[in-house]
Amino acid sequence: MNTEKTLKNSLISVMAQVATLLLKFINRRIFIIFLEVEYLGYQTLFTNIFSLLSVAELGIGSIISFHLYKEVVDNNEQEIGKLMYLYKLLYRIIAIVVLVTGIGFCFLLPYFVKDANESWQYLYIVYFLQLAGVVMGYFLSYRRTIYIVTQQEYKCVQIDLYVNIIVQVVQLILLALLHNYIIYLCLQISITIIANIVIAIKSNKEFPYLKKKYIVTKQDIEKRNMFSDISNFIVHQISYAVYGGTDNIIISAFCGIRNVALYGNYILVQTGVMQICFYKLLNPVQATIGNIVYSNRKKEDLWEQFKILDVFSFFFASYIGLGFFIFYQPFIELWMGKEYLLSDTFVALFSITIYLQAVWEIVYKYRTVFGDYKQDRNYMVASAITNIIISIFGAKYFGVSGVQFGTLISFLPIAFGRIRFVVKKYFKQPMYKYIFLHMKLLLLVLSEGGICYFFIKNIPVSVIGLIIRCFVWLLVPLIINIPVYYRSPYFKKLIVQFNKIMKIIFSKIKA
């Protein structure tokens, strides 16, 4: 593993995400001072609808990335150029499909928006502005991939950060002066578009061969088995879009648009923290995994590496899951106000869901690198069906908590399919041992949650209260998890790797 390059990508990504998240928190808090919270509900709902339309992407981004890893290892500029040119052509077709589908979907909006407090003419303007932003994103976003597969993602992250800071500052100033949601939304949409344009210009300079026009034949596609990959991955796309893109729609239809906005506050915190603490740290690892898998390393060595990363995932996931459980409610109350809180039951279910998604994020990274989407497509379908059934029933009788329960239960088939593919099919290891280990670890984390609750239940909601909660959060998992893993050889190797990372950081500081 190229530790230094991976570390550079991770650290820059994390620092940029922290800055971006702080801006979003400030932005959202100021938003509700000058505009009604329902506007956030509409924006969140429409974003969910467009995530459903993203099935038109057919998984092309993931499939092309999967093929690019090998060509990057071989430094084959001709084949890299062909793949990126094909990527561009396909994404332009997708943009047209999404536009047409989005126009057709607008006629269904009255069925999903409950108790609209704005005219439908106004809501359609908001909808089509967001649709335009999504469509324009397809024209240049593909250029980010070349930086990801060459382990230079930090360059995209830096550009995103600079654009975010500039545009969001302008956004807040105009919001305070004009109180106009349409102008606010236009600026919000422009962030990704501007960043993609800058990244495209930069990639033309750093990878000049990408500017060439390549001839991509049917044989080029067939030799890579892309038709089969796309046909299998579209099942993944549709299933995951239903799993991850219907919660707000169901909440809007059964619980009202205000609850969508409240739910959106929790999602913003969750997305931001997960990006900082887990995904931004592990995204650069995916490119490293891709480079290693397509080199000549033995599977035994790769399994050792996987187990080390799995231990790392548990420690991080336990802290993340417990962190949400401990801090979610007091943070939302201090940030937005007590009237913006959802129930404690919802928070408990949300925290368990976050733990499970985080602890198996490394499995997903390996699964993505391997391709072969036929392996776990049926599990994705089972997840989508389960989520729709449980979430609709849950929303009707238990509100937002019922929807979150559906999300939690329906993640299990997704996780099982990925584990089966990576652990059993690829590494040829006994899957039941891996699952049984994680069942024990889940019970361990739930016990830690109970201990944490005992200590924090009477702590007041204040800045001092948050500091006390912080000590509980830091100490309880540390005191319990380290003795459990102390004798593990993978934990010891993780410590060695951690020490190596710290030496790199200190050497850079001294330099």
Review point. Just by distance, with hydrogens left out, do Gln152 and Lys155 show a side-chain donor and acceptor under 3.5 Å apart?
Key: yes
Point to revise | Asp376/Arg367 salt bridge by N-O under 4.0 Å criterion | key: yes
Revision key, fill the gap. For Glu448 and Ser318 the tightest heavy-atom approach is OE1-CB, 4.4 Å
Check your understanding: How about Phe346 and Tyr266: are their ring centroids closer than 6.0 Å?
Key -> yes
Exercise for review: Give a yes or no on this: more than 12 heavy atoms of other residues, nucleotides or ligands lie within 6.0 Å of atom CZ of Phe331.
Suggested key: yes
Exercise for review: Could you walk me through whether Tyr147 and Tyr154 pass the ring pair (Phe, Tyr, Trp, His ring centres under 6.0 Å) test, one step at a time?
Suggested key: CA-CA 8 Å; Tyr147 286 106; Tyr154 66 91; 8.5 Å; no
Check your understanding: For Tyr453, does the OH atom have more than 12 heavy-atom neighbours from other residues, nucleotides or ligands under 6.0 Å away?
Key -> no
Review point. Checking side chain to side chain donor-acceptor pair (under 3.5 Å) against Asn248, which of Asn48, Thr47, Asn259 comes through?
Key: Asn48
Revision key, fill the gap. Tightest non-hydrogen contact, residues Ile480 and Val484, listed as O-CG2, 3.2 Å
**Study point:** Geometric cation-pi criterion, Lys307 with Tyr490: 6.0 Å, 45°
**Key:** yes
Practice item. Can you measure from CZ (Arg418) to CH2 (Trp360) and round to the nearest 0.5 angstrom? Key: 11.0 Å
Point to revise | Side chains of Ser401 and Thr345, donor plus acceptor under 3.5 Å | key: no
Check your understanding: Shortest non-hydrogen contact from Asp160 to Ala195?
Key -> OD1-CB, 3.3 Å
Review point. Looking at the rings of Phe324 and Tyr328, which for Trp means the six-membered one, are their centres under 6.0 Å apart?
Key: yes
Point to revise | Gap separating the CG atom of Asn387 from the CD1 atom of Ile250, nearest 0.5 angstrom | key: 6.0 Å
Check your understanding: Phe315 and Phe491: aromatic ring centres closer than 6.0 Å?
Key -> yes
Practice item. Determine yes or no for a side-chain-to-main-chain donor-acceptor pair under 3.5 angstrom, with Gln329 supplying the side chain and Val461 the backbone. Key: no
Exercise for review: Would you mind reporting whether Glu361 and Ser313 have side-chain heavy atoms less than 4.5 Å apart?
Suggested key: no
Review point. For the residue pair Leu45 and Ser252, what are the closest heavy atoms and their distance?
Key: CD2-OG, 3.7 Å
Point to revise | Side-chain donor/acceptor of Thr386 to backbone N/O of Ser410, under 3.5 Å | key: no
Practice item. Hey, could you give me the CD1/CE distance between Ile385 and Met380, rounded to the nearest 0.5 Å? Key: 12.0 Å
Point to revise | side-chain contact (heavy atoms from CB on, under 4.5 Å) evaluation trace for Ile390 with Phe405 | key: CA-CA 8 Å; Ile390 297 178; Phe405 181 72; 3.8 Å; yes
Practice item. Check whether any side-chain heavy atom of Phe314 lies under 4.5 Å from a side-chain heavy atom of Tyr485, and answer yes or no. Key: yes
Exercise for review: On the 0 to 90° scale, with breaks at 30° and 60°, tag the Tyr91-Tyr87 ring pair as parallel, tilted or perpendicular.
Suggested key: perpendicular
Exercise for review: Flag the pair Asp344 and Lys457 as a salt bridge only when some basic side-chain nitrogen lies within less than 4.0 angstrom of an acidic carboxylate oxygen.
Suggested key: no
Review point. Can you say whether the rings of Phe306 and Phe427 are parallel (under 30°), tilted (30 to 60°) or perpendicular (over 60°)?
Key: tilted
Study note, to complete from the structure: Heavy atoms of Gly321 and Ser351 approach each other most closely as O-CB, 3.6 Å
Practice item. Could you verify whether a donor N or O on one side chain and an acceptor N or O on the other, from Thr407 and Asp247, lie under 3.5 Å apart? Key: yes
Practice item. Side-chain contact test, heavy atoms from C-beta onward, threshold under 4.5 Å: evaluate it for Trp473 versus Phe455 and give yes or no. Key: no
Exercise for review: Would you please test Tyr434 and Asp310 for side chain to side chain donor-acceptor pair (under 3.5 Å) and show each step?
Suggested key: CA-CA 10 Å; Tyr434 182 81; Asp310 193 59; 2.7 Å; yes
Point to revise | OG1-CG distance between Thr353 and Leu412, expressed to the nearest 0.5 angstrom | key: 9.0 Å
Check your understanding: Is there a donor-acceptor contact under 3.5 Å from the side chain of Tyr319 to the main chain of Leu474?
Key -> yes
Review point. Just by modelled atom types, is the Val242 backbone N or O under 3.5 Å from a matching donor or acceptor in the Thr246 side chain?
Key: yes
Review point. Hey, does Gln270 have a side-chain heavy atom less than 4.5 Å from the side chain of Gln357?
Key: yes
Practice item. Give the minimum heavy-atom separation between Tyr243 and Ser383, together with the two atoms involved. Key: CD1-OG, 3.5 Å
Practice item. Working to the nearest 0.5 Å, report the span between CZ of Phe421 and OH of Tyr366. Key: 13.5 Å
Review point. Between Leu441 and His438, is any pair of side-chain heavy atoms under 4.5 Å apart?
Key: yes
Revision key, fill the gap. In this structure, CD1 of Ile80 is separated from OG1 of Thr145 (nearest 0.5 Å) by 12.5 Å
**Study point:** NZ/Lys424: more than 12 non-hydrogen atoms of other groups inside 6.0 Å
**Key:** no
Review point. Between Arg143 and Asn196, is any side-chain donor less than 3.5 angstrom from a side-chain acceptor?
Key: no
**Study point:** Under-4.0 Å salt bridge between Lys82 and Glu71
**Key:** no
